[in-house]
Undergrad: 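I'd like to ask some things about the structure below.
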Amino acid sequence: MKTYFVTGGAGFIGSNFIKYIIDKHQDIKIVCLDKLTYAGNLANIEEELNNYPDRLTFIKGDINNQELVEYIFDTWEINYIVNFAAESHVDRSIEDAEVFLKTNVLGVQNLLNIAKDKWDLGEREYRNDVRFLQVSTDEVYGSLGKRGYFTEESNIQPNSPYSASKASADMLVRAYNETHNLPTIITRCSNNYGPYQFPEKLIPLMINNILNGKELPVYGDGLNVRDWLYVKDHCRAIDMVLEKGKAGGVYNIGGHNEETNIKIVKTLIKELDNLLKENEAYKEMAATKDDYINESLITFVKDRLGHDKRYAIDPSKIKKEVGWEPTIMFEDGIVDTIKWYLDNQDWLKLITSGDYKNYYEEMYLDR
Ligand code: NAD
Ligand code: DAU
C-alpha cells in the first residue's frame, strides 16, 4: 500500500488530483497538508474526506513548518511527495512577491531537506520506491514569439515574480537531485482549466462575471496566447509520471490547445448562452439572465505588467517516455467546465461570500 503526501490538496489542481488518485488506486493512502490560504478550500475535498476517512487524512499547516512535515514523515511511510502547494496567481505576485518566495521557494526547500533526511538516502544510489514530484509551470521558460514551443531544454527565463519563484524552486529540486541523490521529478504544465478553479483565474472569473452581468476585463489587446489543458488530463499525467518517469527527470505537460484570451472569453459567452437557452436543466436560471449575455460585457483594461505574450508546450518527451498524451479536446472540456460551474453555483457563492473560510472549523468541530 503506497502513501502519497499531497501538499496544496485543497486548491484547484491538488483537489482534482486527490479525486483522481483516490478513485484510480483503491489501495493507496493520502496525507494532504494545506495551509488553507485564500486559495485553499476544504469544500473541494469534503466528499473524499467523508467517504474515505481511513484513506485520506487532512492536516492544516504550512509546508514551511519543519516540525509538522517531520511529524508526517514519522507517522506515515511516505512513498510519494507531490507538491502542489504554492502561491499561484501572477497578478498577486506583481502586487507583493514576499509570500511567493516564502512558500514557493523556502517551503520547497523545507520539503526537500526533510525528504532527504527521512528517506535516509545517505551515500546510496537512487531509491526506486520513493519520489519527490515538484509541480512546476511552463511560465519558468518565459515567453514565446509567434512560433516555436517550450521543450525541457528551453532556457529558464521567468518574467514575473511568480514564475521567478517557481524557477527558483526548480533549481533547488535539481540541486537536491544532483547533490543528495534525491529521486526528484519536475513537471512543467501549461494553463489548466476545469472544476474547482478559484474564480480569480481567467476562465472561472469570466464565467462568474458573465453569470452576474459584470464586465469581463481583458488585459491589453486580448491577443496573448495560452495553451489550455483540462485539469483531469494533467492529473493523469502526474499519476503516470510518478510511476514511469525517470528520477531526476523534467517533463513538460501540455494540451495542444493554443488560444488567444479574447477568443477564450468569446467562446465562454457563446457556450454559456447556448447552455442556458437550450438546456432544460438551466431554464430557471436562464429566466433571470435577460439578454445581457453577449459580447458587450467585454472591457479591454490596462495590460498586466510584464505580460508574457505566448506559451506553448511541446509534450513529445512525456509521450515518448511515459506514454501520456492529452485526451480531452478543448471544445468538450470547456462545455463540461461551464456546466460544472452552472451546477455548482453554491460552491461559487461560498467563495464570493467568503463563507468557504469557515469550512475548516465547521468540518472539524465534530471530529
Ligand atoms: P491554487 O492556488 O488553486 O492552490 C494552491 C494550494 O496551496 C491552496 O490550497 C493553498 O491553500 C495551498 N498553499 C499555499 N501556500 C501554502 C503553504 N505555505 N503551505 C501549505 N499549503 C499552501 O493553485 P493551483 O492552480 O491548484 O496550482 C497548483 C500547483 O500547480 C502550483 O504549484 C502551481 O504553481 C502549479 N501550476 C498551476 C497551473 C494552473 O494553470 N493552475 C499550471 C501549471 C502549474
Ligand atoms: O501557464 C501556467 C500558469 O497558468 C500557472 O503557472 C499559474 O499558476 C496560473 O495562474 C496560470 O497563469 P496565467 O497568468 O497564464 O493565468 P491567468 O488565468 O491569471 O491568466 C490567463 C491569461 O488571461 C493571461 O494572459 C492574463 C489574462 N487575463 C487574466 C485575468 C485574470 C485577462 O485578460 N483578464 C483577467 O481578468
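Here the structure is a predicted model, which is why all the values come from computation and not from measurement. If you read the sequence from its start, that first residue is 1, and numbering goes on from there. In each ligand, atom 1 is the first atom listed, and ligand 1 is the first ligand listed.
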Undergrad: Taking the six-membered ring of Y38 as reference, does the NZ or CZ atom of R92 fall below 6.0 Å from its centre and within a 45° cone about the axis?
TA: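 Because its charged atom sits under 6.0 Å from the ring centre and within 45° of the axis, R92 does stack over Y38.
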Undergrad: Does the Lys NZ or Arg CZ of K317 fall within the cation-pi geometry relative to Y251 - under 6.0 Å from the ring centre and within 45° of the axis?
TA: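 Checked: cation-pi criterion met.
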Undergrad: So which bit of L36 gets within less than 4.0 Å of ligand 1, heavy atoms only: side chain, backbone, both or neither?
TA: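 Answer for L36: backbone.
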Undergrad: Report yes or no: is the cationic atom of K116 (NZ for Lys, CZ for Arg) closer than 6.0 Å to the six-membered ring centre of F132, at no more than 45° off its axis?
TA: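 No cation-pi geometry.
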Undergrad: Out of all atoms in ligand 2, which are within 4.0 Å of some heavy atom of Y162? Include the element for each.
TA: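 Those qualifying, in numeric order: 5 (C), 6 (O), 7 (C), 8 (O).
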Undergrad: Counting only heavy atoms, which portion of K166 has something under 4.0 Å from ligand 1: side chain, backbone, both, or neither?
TA: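 Side chain only.
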Undergrad: Where's the contact between L202 and ligand 2, heavy-atom distance under 4.0 Å: side chain, backbone, both or neither?
TA: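 Both backbone and side chain.
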Undergrad: Record the part of E200 in heavy-atom contact with ligand 2 below 4.0 Å; permitted values are side chain, backbone, both and neither.
TA: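 Backbone only.
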Undergrad: Does any N or O of ligand 2 fall below 3.5 Å from an N or O anywhere on Y219, backbone included?
TA: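 Between Y219 and ligand 2 (N or O atoms, distance only) the closest approach is under 3.5 Å.
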Undergrad: Heavy atoms only, cut-off 4.0 Å: how does N191 contact ligand 2, side chain, backbone, both, or neither?
TA: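 Both backbone and side chain.
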Undergrad: Heavy-atom contact under 4.0 Å between F84 and ligand 1?
TA: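 Checking ligand 1 against F84, which is what was asked, there is a heavy-atom contact under 4.0 Å.
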Undergrad: Non-hydrogen atoms of Y162 versus ligand 1: any pair closer than 4.0 Å?
TA: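 Judged by the 4.0 Å heavy-atom criterion, Y162 does count as contacting ligand 1.
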Undergrad: Within less than 4.0 angstrom of ligand 1, does G9 place any heavy atom?
TA: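 G9: no contact with ligand 1 (<4.0 Å).
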Undergrad: Of all the atoms in ligand 2, which lie at a distance below 4.0 Å from a heavy atom belonging to L205?
TA: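 By the 4.0 Å cutoff, the relevant atoms are 36 (O).
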Undergrad: So, does N110 use its side chain to make a donor-acceptor pair with the main chain of I63 at under 3.5 Å?
TA: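 Flag set: sc N110 to bb I63 pair under 3.5 Å.
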Undergrad: Which of the numbered atoms in ligand 1 are under 4.0 angstrom from any heavy atom belonging to S88?
TA: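 Heavy-atom distances to S88 below 4.0 Å select 1 (P), 2 (O), 23 (O).
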Undergrad: Tell me the contacting part of K201 for ligand 2: side chain, backbone, both, or neither, using a 4.0 Å heavy-atom threshold, strictly below.
TA: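 It is both parts that get close, each with some atom under 4.0 Å.
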Undergrad: Please confirm whether R131 makes a cation-pi placement over F5, using NZ or CZ under 6.0 Å from the six-membered ring centre and within 45° of the ring normal.
TA: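 Output no; distance or angle outside limits.
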Undergrad: Between ligand 1 and T7, can you find any atom pair, the residue atom being a heavy atom, that is separated by under 4.0 Å?
TA: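 T7: no contact with ligand 1 (<4.0 Å).
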Undergrad: Using side chain to side chain contact (heavy atoms under 4.5 Å, CB included) as the criterion, list what pairs up with T299, not counting sequence neighbours.
TA: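 With neighbours one apart ignored, the set is E215, V301.
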Undergrad: Select the closest option to atom 7 (O) of ligand 1 among S163, G8, S165, judged by heavy-atom distance.
TA: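 That would be G8.
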